[in-house]
Protein chains: 2
Amino acid sequence: MHLQATTQRNTFTQPAPRAARPVPQAPVAGESIEMMGAVMPFARNAEIYGENEPAEYLYKVVSGAVRTYKVLNDGRRQIGAFYLTGDVFGLEIGDVHSFSAEAIADCKVMLIKRSTMVALAARSHDVAHQLWTMTATELQRAQAHIMLLIKTAQERVAGFLLEMAARSPGCAAVELPMSRQDIADYLGLTIETVSRTLTQLENSAAIAVPSSRRIVLRNPAALSRLNA
Amino acid sequence: MHLQATTQRNTFTQPAPRAARPVPQAPVAGESIEMMGAVMPFARNAEIYGENEPAEYLYKVVSGAVRTYKVLNDGRRQIGAFYLTGDVFGLEIGDVHSFSAEAIADCKVMLIKRSTMVALAARSHDVAHQLWTMTATELQRAQAHIMLLIKTAQERVAGFLLEMAARSPGCAAVELPMSRQDIADYLGLTIETVSRTLTQLENSAAIAVPSSRRIVLRNPAALSRLNA
DNA sequence: CGACCCGTTTGATTCAGGTCAACGGCCACA
DNA sequence: TGTGGCCGTTGACCTGAATCAAACGGGTCG
C-alpha cells in the first residue's frame, strides 16, 4: 500500500554531494542565500536526501517540485510538504534530516552548505534572521497542515487546492506536479477518496478538471467556505 | 460540540500585559532568556492571548500547563500543543499570534517582550541562535504532531502517552494536567474514543489508570510498538 | 495499428471512529 | 446527609472514509 514506483537514487543525474563544486565564500554581511551554492539536477523520483542522513546542505528549488516524507513501519507514507520553485527545504536544527526528500518531477535544486550558512549567520545578523524566518515559515506551514488533517475529506481537498492556487503564479488554473497518491499521502487520505472528492467538487461546479494534473478553480469562494 | 467550560479572561489574576514591570535590559552577549521578564499568574482556563492578537510577548511556563489552540468555523477545536514547566510558547515570526493560548490549570508564566528579544538578537548571536533553536524545536513538535494525526486512534493515544512520559521527570507514572476533551482535541479524536482507547490499553495491560488524570505506563515497549 | 502499462476513476462492501444517549463517580455546597 | 454539576465511562447505532475489485484512458513501444 502507498508504494512508490521507483524511489532509488538516480546515480546518473545526481553526483554525490561531496563532489559538488566548492561553494563560493560570501563574507559580506547582508548577503542573501540566493547567490551561493551549486545547482544540481534530479530526475523524477530521485532521492535528494534520506531520513536520518546527516544534514549537510540546505536546498532551494530552482525548477520543478520536491516532496518530503516519512514512512511508518507498516508502509504508510506521510508527505510533510511540497516544495515548488523558490522554496527552501532541508533546513534542520539537528544535524540529521528528519524527513526524506524526493524529486516529484525532473528538477533543479540549489545546494547550500549548512556549515557555511551557520558560520555566515554568526557574522551577519541578516543571514541569521533569514535562517530564523525560513524556519518560522516552515513552522507555519506545518501548523496549517495540522489544521488540514483534522478536517473532512472535502475540506482537506478544498484546502489543498486553495493552498496550491495561492502558491501558483497564474491564478485561475492550478497545474499539479504531483500524483493523486502524493496528494492522498499529504492529506492523510487514500487515492480513491481524493479522486472521488475531486469528481464531487467538479459535479458541484466548484472546480473543473480538464486533465488529471490540471484543475480550474471555478468557484474559489465555495472552496473557501468548505475550507472552514 | 467541543465546548470549553469557561474561557473568558480572568481579569483578577491577570493584569494587562502593558502593566508588566519594565524588562531589564541585558546587553551582554551570551545572555539567556531565563533571567529577564515578569512572572504572571493565570487561573485555570484563563486566556493568555488570543488568535490574531499582536504578538507582543513570548512566554515561558514557570509552573502549571498551557494549551494553544484554534477553533474552526463550526466549533471544532484543534489543540496545537501542550506546554509544561520550562517550555517556551508564543514565538511567532509574524506580528500576530496564529493560535490562542489558555492556562490548563492555575499556572505561572514568564512574559518576555518580543521587541526586546529581537533587539537583543541583533546584538548577540547567542540570543539569535536561541530564538532560532526554539522555533526549530517548535517545528519538530509540529511535525511529530502531523505524524500522530495520520494514525489510528490506538496509535495516537499511545503516541500521546509516550510523548507525555518523555516530557515528565518521573518516568513510571504520567500525571496529565489536561482533560479528556483536551487530549481528544489534540489528537483529532472524540472524548469517547479517547476514553474507550484508554480502557482498551488498560485491558491489554499496556497501561494502568489509577485515577483519570494519572496513568502508569505498565508496558512502554507495547506502546512503542503501537506507535509505529 | 495494436498491446501493454500506468495512473486514475468508479462501484460495492466493510469497518473504525463518530454520534447520541445513559450512567457512574467525585466533589462542592447546602 | 442529600443534591447538583462535572467529568469520565460505557453502550447502541450510524456514517464517512478505507478497502477490495474492476474498468477506463492516455501514453509508449514493438
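In what follows, chains are A, B, ... by sequence order, proteins preceding strands, each numbered from 1. The shown structure was predicted, so the numbers you read here are calculated from the model rather than taken from an experiment.
- For A:Ser195, no side-chain nitrogen or oxygen approaches OP1 or OP2 of C:dT8 to under 4.0 Å.
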Would you tabulate the pairs of protein nitrogen or oxygen atoms and nucleotide nitrogen or oxygen atoms of nucleotides 20-25 of chain C closer than 3.5 angstrom?
unit_1 : atom_1 : unit_2   : atom_2 : d
C:dC20 : N4     : B:Glu192 : OE2    : 3.1

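- Panel note: side chain A:His145, backbone A:Gly80; a donor-acceptor pair is recorded below 3.5 Å.
- Separating the CG atom of A:Asp182 from the C1' atom of C:dT8 is a distance of 14 Å, rounded to the nearest angstrom.
- Atom CD in B:Gln181 sits about 20 Å away from atom P in D:dG5, given to the nearest Å.
- The aromatic rings of B:Tyr59 and B:Tyr49 sit tilted relative to each other, their planes meeting at an angle between 30° and 60°.
- Rounded to a whole Å, the CD1 atom of B:Ile183 is 14 Å from the C1' atom of D:dT9.
- Rounded to whole Å, atom P of C:dG17 lies 12 Å from atom CG of B:Leu187.
- Looking at heavy atoms from C-beta onward, A:Met178 lies in side-chain contact with A:Ile183 at the 4.5 angstrom threshold.
- No cation-pi contact links A:Lys60 to A:Phe89, judged by a cut-off of 6.0 Å to the six-membered ring centre and 45° from its axis.
- Side-chain contact between B:Ser179 and B:Arg213 is present, with heavy atoms from C-beta onward closer than 4.5 Å.
- Between the CG atom of B:Leu189 and the C1' atom of C:dT19 there is a distance of 14 Å, rounded to whole Å.
- Nucleic acid contact for A:Arg156: none, since no nucleic acid atom lies under 4.0 Å from a heavy atom of the residue.
- Spacing between atom CZ of A:Arg214 and atom P of C:dG7 amounts to 21 Å, rounded to whole angstrom units.
- Remark: B:Thr193 is in phosphate contact with C:dG18, judged by side-chain N or O atoms under 4.0 Å from OP1 or OP2.
- Atom P of nucleotide D:dA23 and atom CD1 of A:Ile191 are separated by 17 Å, given to the nearest angstrom.
- For C:dT10, one of the phosphate oxygens OP1 or OP2 lies less than 4.0 angstrom from a side-chain nitrogen or oxygen of A:Thr199.
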Would you give me the side-chain donor-acceptor pairs under 3.5 Å for residues 154-167 of chain B, sequence neighbours excluded?
unit_1   : atom_1 : unit_2   : atom_2 : d
B:Glu155 : OE1    : A:Arg76  : NH1    : 3.2
B:Glu155 : OE1    : A:Arg76  : NH2    : 3.1
B:Glu155 : OE1    : B:Thr152 : N      : 2.9
B:Glu155 : OE1    : B:Thr152 : OG1    : 3.2
B:Glu155 : OE2    : A:Arg76  : NH2    : 2.9
B:Arg156 : NE     : B:Lys151 : O      : 2.8
B:Arg156 : NH1    : B:Leu187 : O      : 2.6
B:Arg156 : NH1    : B:Gly188 : O      : 3.4
B:Arg156 : NH2    : B:Leu149 : O      : 3.4
B:Arg156 : NH2    : B:Lys151 : O      : 3.2
B:Glu163 : OE1    : B:Tyr186 : OH     : 3.1
B:Glu163 : OE2    : B:Arg167 : NH1    : 3.4
B:Glu163 : OE2    : B:Tyr186 : OH     : 3.3
B:Arg167 : NH1    : B:Phe82  : O      : 3.3
B:Arg167 : NH2    : B:Phe82  : O      : 2.7
B:Arg167 : NH2    : B:Asp87  : OD2    : 2.7

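- With a 4.5 Å cut-off on side-chain heavy atoms, A:Ile207 and A:Gln200 do not count as touching.
- Nucleic acid contact for A:Ser211: none, since no nucleic acid atom lies under 4.0 Å from a heavy atom of the residue.
- Side-chain nitrogen and oxygen atoms of B:Ser179 include none within less than 4.0 Å of the OP1 or OP2 phosphate oxygen of D:dC7.
- Between B:Glu155 atom CD and C:dA16 atom P the separation is 12 Å, expressed in whole Å.
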